[in-house]
Colleague: 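Below are the C-alpha cells for one structure; questions will follow.
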Amino acid sequence: MRNLPGFVKRLVIGRALRSEELQETLLPKRLALPVFASDPLSSVAYATQEILLVLTLGGLAYLRFAPWVALAVVALLAVVVLSYRQVVHAYPSGGGSYEVVSVNLGPSAGLVVAASLLVDYVMTVAVSVASGVDNVISALPSLAAHRVPLALGFVAVLTAMNLRGVRESGRAFAAPTYLFITSVLVMVATGLVQHALGHGPLAPTAGYGVVPAPGDAGLTGPALLMLVLRAFSSGCTALTGVEAVSNGVPAFRRPKARNAAATLAAMGVTAIVMFAGVTALALIARVRITDDPCRLTGLPGDCHDYPQRTVIAQLATALFGGEHSAGLYVVQTATALVLVLAANTAFNGFPLLASILAQHRFLPRQLHNRGDRLAFSNGIVALAVVAGLLLWGYRASVTSLIHLYILGVFTSFTLSQLGMVRHWNRELRAGGGPGAAAVRRYRTARAVNAVGACVTGLVLLVVLVTKFTEGAWLAVLAAAVLWTTMRGIRRHYDTTSAELAVTDAGDQLVPPSRVLALVLVSRLHRPTLRALAYARAFRPDQLEALTVAVDRTEAADLARQWEEHGIEVPLKVIDSPYREVARPVVEYVRSMRRESPRDLVAVFIPEYVVGHWWENLLHNQSALWLKSRLLFTPGVMVTSVPWQLTSSSRAGRHPGRAPGSVRRGEPHRRA
C-alpha cells in the first residue's frame, strides 16, 4: 500500500471534516458533562483517599478530623461552582479565567492564570492516568510491573480519540463516565442504608492498626493545625477541572452560556454528593490506608509485599461480597476507566486555552490551527507528549505526581474571582445605572465572588506552604518559565509585525537597479540545464553559472564539458582549498552585494525531488545548507529549481494531504 501513513491516519482519526461542519461537532449537555466534567467527577476516586493518607500520618486518632476536612472541601467546591457559573454568563466567549483576569486585572495577571492552568492541565493528565492505572492494578495486581507502559498506552488512546473531535470523544467517553457515577451512587446508597439498619459495612482493613509516622505522633497546636491543613489541601484535588467548562463554552450547543452553566451545576451537585458519600462510607467502614504499608499493624504477611487497595476498592469489597465479587469488578472497571478519562477534561481545556493564547500571539500560531476533524490537533499532541514524559519520568506514581498538582488551579480560582469582583464593580458604576433588581443581582454576585476569592486565596496559601518543599516548587518553576516564554513569544510577534508593516508602499515598490542571476552548478546534467533556462526566462541584467572547485580535476572536467557543449552562460569557478562549498558561495554572493548594494542577486539552485523520505538523506544536503546560509544575506533571493526523479512521479499519483498542511484556526462559517 503506497499511502500507508494516510490510511492509518484515516483509520485512527476518521475522515476530514469541512469547515462548514463545525456546527455539527457542538455538544449537547449530556455529552458535555463527560467531556468537560470527568476530572472533578473522577476525583471522588482519590480525594477521600488523599485526606486519609495525610491524617493517618499521626495515627488513627486523627481520623476524627476527616469529616470536618471533607465538609470544608464540599463548601469550597460549592463556592467555586457558583463563581464559575457567573463567569460563564459574564464571559461566554470561552476564555474562562484567562479572559476574566486579562480584562479586569491586566494582561500580565492573565498570563499568570494561563501559565498556571496549562501546567495544571498537564498534571491533570498525568495524575488521572496514573490513578487509573492504580485502580487497574488494584483489580489485577499481576499488572503492577507494567505500570508505565499501561499509562503511556492510555495517553495514546486518549490522544487518538480527541484527535477525532470533541463530539466523537464525548460519545466514546459518556458511557464509562455515567457508569462510574451510577456505580458510586449505588455503592454509597447501599452502604448508608446498611448503616442505617444497624449492620454497616466493614472494610477488609478495618481490623488493622496504624503506627504514627516518625515525628507525627501526639501532635498538638501548630503541628496539628499543619497536619489538618495538609489533609485539606490534598482533599482539594476534588476541585481540579471545575474551570474547564468555562473555557469550553464555545463547544456547547446554543444557547451556549445557559447550557454550560447547567452542565456546571449538574457537575457540582453530582461531585459533592459522591465525594461526601464516599468519605462518610470510608469512615463508617473503618478503611485503613497509609503512605507506607509497614505502618499498618496486624497484617497477615510481610508488609513490604502487601498491596494496599484503594479506598474505592475496599468499599466495593465490603459492600458487594468480597474480593472476587462482580460488584467489585464493575466498580473498579468504572473507576479505572473514568480516572483515565478524567484526563479528557485536560485534553479539551488545554487545546482550547492554547488556541486562545495563540490567537493573542502568546503561543505559536500553529496551536490555533484546527486539524482534519476540526479539533485543535497541535495542542492535543503537545499535551500528550509532555504528560507522557512526566508519567515516564515519575514512573506513573500518583504519590510523586500529586505534589505537583492543584497549585495552578487555585491560582486561577483566586485571580479569576478577584477579576469578577472588579467586573461587578464596573457594572455597578456603568453609566445610566441598572435597575434595582439588577443592582441586587450584581451585589449578590460580587459577594459570592469576593467570598470565593478569599477562600481560594487561603487554600492557595495553604497548598503553597504544605506542598512547596514536597515538589510543588517544580510546578511553580514550570509556570514561571512558561509565563516568561509566552511574554517572549508575544514580544517576537510584535517586533515582527512592526518590521513587516507597510509604511510607504511607493518607496517599497521601487525596483532594484539591476538583477544579477547566479546559477549554482555541481556538474553538467539535465537539472543544471533546466536551472539555466529558468534563470534566463527572468531576463536578468547579468547571468552566470557558479561552481566550487572542491576537487580541481572535477572542476576542470566541468569547464571542459561546458565549453564542448557551447553553453553561452559564463562559468565562474571558485577555488576551495579547505573543501568547503557553502562558505565560498556565500562570500562570493556577498562580494557582489558589496560592489553593487542597489542590485538584486537572484540565486537559482537545482534540486532533486524524490518520492521516499530515505532518498532525501542521499540528495539535497548541500542545497539545503546553501539555502539556509543565503537566506540570511540581505538583498539575495533564493529560488529552488526542482527536477522530479522517477520515484517522485510515482508518489505523485497517490496525492494525499500534504504533510504539515496549514489550516486556519477559525473555520469559514456560512452566512
Colleague: Side chains of L363 and M486: closer than 4.5 Å at any heavy-atom pair?
Modeller: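 Side chain of L363 against side chain of M486, heavy atoms only: contact under 4.5 Å found.
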Colleague: Can you tell if the side chain of H423 reaches within under 4.5 Å of the side chain of Y91, non-hydrogen atoms only?
Modeller: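 The answer is yes, as the side chains (C-beta and beyond) meet within the 4.5 Å cut-off.
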Colleague: Taking all atoms of both residues into account, what is the closest heavy-atom pair of V73 and A238, and its distance?
Modeller: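 Taking V73 first and A238 second, the nearest heavy atoms are CG1-CB, 4.1 Å.
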Colleague: Let me confirm one number: the CZ-CG distance from F232 to L76, rounded to the nearest 0.5 Å.
Modeller: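 F232 atom CZ to L76 atom CG measures 5.0 Å (nearest 0.5 Å).
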Colleague: When the ring planes of H360 and Y98 are compared, do they come out parallel, tilted or perpendicular, using 30° and 60° as the limits?
Modeller: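 Correct class here is tilted.
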Colleague: Can you tell me if R490 has over 12 outside heavy atoms packed within less than 6.0 Å of its CZ?
Modeller: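 Above 12, so yes.
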Colleague: At their closest point, which heavy atom of V249 faces which heavy atom of P92, and how far apart are they?
Modeller: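 Closest approach of V249 to P92: CG1-O, 3.2 Å.
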Colleague: Do other residues, nucleotides or ligands put more than 12 heavy atoms under 6.0 Å from R258 CZ?
Modeller: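 Open.
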Colleague: So how far is it from F350 CZ to L118 CG, rounded to the nearest 0.5 Å?
Modeller: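 Nearest 0.5 Å value for the CZ-CG distance: 5.0 Å.
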Colleague: Going by side-chain contact (heavy atoms from CB on, under 4.5 Å), R230 matches just one of V462, L55, L53, L57. Which one?
Modeller: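 Result for side-chain contact (heavy atoms from CB on, under 4.5 Å) with R230: L57.
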Colleague: Just so I know, are the side chains of F65 and I51 near enough to count as touching, which here means a heavy-atom distance under 4.5 Å?
Modeller: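 Side-chain contact under 4.5 Å: no.
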Colleague: Are any side-chain N or O atoms of Y178 and backbone N or O atoms of R30, one a donor and one an acceptor, separated by less than 3.5 Å?
Modeller: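 Looks like yes, one N/O pair under 3.5 Å.
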Colleague: Side chains of L401 and M123, heavy atoms from C-beta outward: is any pair under 4.5 Å?
Modeller: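 Yes. Closest side-chain heavy atoms under 4.5 Å.
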Colleague: So L337 and F180, do their side chains get closer than 4.5 Å, heavy atoms only?
Modeller: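 Not in contact.
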Colleague: May I ask you to test the I489-F362 pair for a side-chain heavy-atom distance under 4.5 Å?
Modeller: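 A side-chain contact under 4.5 Å is absent here.
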Colleague: Closest approach of L31 and A174, non-hydrogen atoms and distance?
Modeller: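 Looking at all heavy atoms of both residues, the closest pair is CD2-CB, 4.0 Å.
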Colleague: May I ask you to decide if E99's main-chain N or O and S102's side chain share a donor-acceptor pair within less than 3.5 Å?
Modeller: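 No; zero donor-acceptor contacts below 3.5 Å.
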Colleague: Check N259 against R253 and note the closest heavy-atom contact, atom names and distance.
Modeller: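 The answer is ND2-O, 2.9 Å.
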Colleague: Look only at the side chain of T414 and the backbone of T456, and say whether a donor-acceptor pair between them is shorter than 3.5 Å.
Modeller: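 Yes; at least one donor-acceptor contact below 3.5 Å.
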Colleague: Let me confirm one number: the CG-CZ distance from L353 to F376, rounded to the nearest 0.5 Å.
Modeller: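 Output value for this atom pair is 11.0 Å.
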Colleague: Show your working on side chain to side chain contact (heavy atoms under 4.5 Å, CB included) between T270 and L33 and close with a plain yes or no.
Modeller: CA-CA 11 Å; T270 307; L33 184 69; 5.6 Å; no
Colleague: As an exercise, state the distance from CG of L117 to CG of L352, rounded to the nearest 0.5 Å.
Modeller: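 Nearest 0.5 Å value for the CG-CG distance: 12.0 Å.
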Colleague: For W424, does its backbone N or O pair with a side-chain atom of R446 as donor and acceptor, under 3.5 Å?
Modeller: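 Side chain of R446 to backbone of W424: no pair is present.
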Colleague: Not counting sequence neighbours, which residues clear side chain to side chain contact (heavy atoms under 4.5 Å, CB included) with T444? List them please.
Modeller: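 Scan of T444 (side chain to side chain contact (heavy atoms under 4.5 Å, CB included), adjacent residues dropped) gives none.
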Colleague: Measure across V311 and Q49 and return the closest heavy-atom pair with its distance rounded to 0.1 Å.
Modeller: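 Smallest interatomic distance, heavy atoms only, reads N-OE1, 3.1 Å.
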Colleague: Could you walk me through whether F410 and L464 pass the side chain to side chain contact (heavy atoms under 4.5 Å, CB included) check?
Modeller: CA-CA 10 Å; F410 276 99; L464 271 173; over 6 Å; no
Colleague: Nearest 0.5 Å, what's the CG-OG1 distance between L383 and T159?
Modeller: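 That separation rounds to 7.5 Å.
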Colleague: Quick check, are the ring centers of F413 and Y84 under 6.0 angstrom apart?
Modeller: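 Ring centres of Y84 and F413 closer than 6.0 Å.
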Colleague: Check the pair L41, V338 against side chain to side chain contact (heavy atoms under 4.5 Å, CB included), reporting the backbone distance first and the verdict last.
Modeller: CA-CA 8 Å; L41 291 176; V338 83; 5.7 Å; no
Colleague: Counting C-beta onward and ignoring hydrogens, is there a side-chain heavy-atom pair between Q417 and V455 closer than 4.5 Å?
Modeller: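 Result no, sub-4.5 Å side-chain heavy-atom pair not found.
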Colleague: Nearest 0.5 angstrom please: L229 CG to L458 CG, how far?
Modeller: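 Reported to 0.5 Å precision, the distance equals 8.0 Å.
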Colleague: If you compare all heavy atoms of S416 against all heavy atoms of S97, which two are closest, and at what distance to 0.1 Å?
Modeller: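 Scanning both residues completely, I find the closest heavy atoms to be CB-OG, 3.6 Å.
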Colleague: Using modelled atom types and a 3.5 Å cut-off, is there a donor and acceptor pairing between side-chain atoms of N378 and backbone atoms of Q366?
Modeller: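 Answer holds: yes.
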Colleague: Check whether D120 reaches the backbone of S116 with its side chain - one donor and one acceptor, N or O, closer than 3.5 Å.
Modeller: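 Checked: no pair found.
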Colleague: Under the side chain to side chain contact (heavy atoms under 4.5 Å, CB included) criterion, do V242 and L264 qualify, and how do the steps go?
Modeller: CA-CA 8 Å; V242 172; L264 193 55; 4.2 Å; yes
Colleague: Do the non-hydrogen side-chain atoms of V273 and L185 ever get within less than 4.5 Å of each other?
Modeller: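 Heavy-atom side-chain distance check passes, below 4.5 Å.
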Colleague: Looking at P351, is its backbone amide N or carbonyl O close enough to the side chain of S355 to form a donor-acceptor pair, meaning the two atoms are under 3.5 Å apart?
Modeller: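 No; judged by distance alone, with no hydrogens or angles, the pair does not exist.
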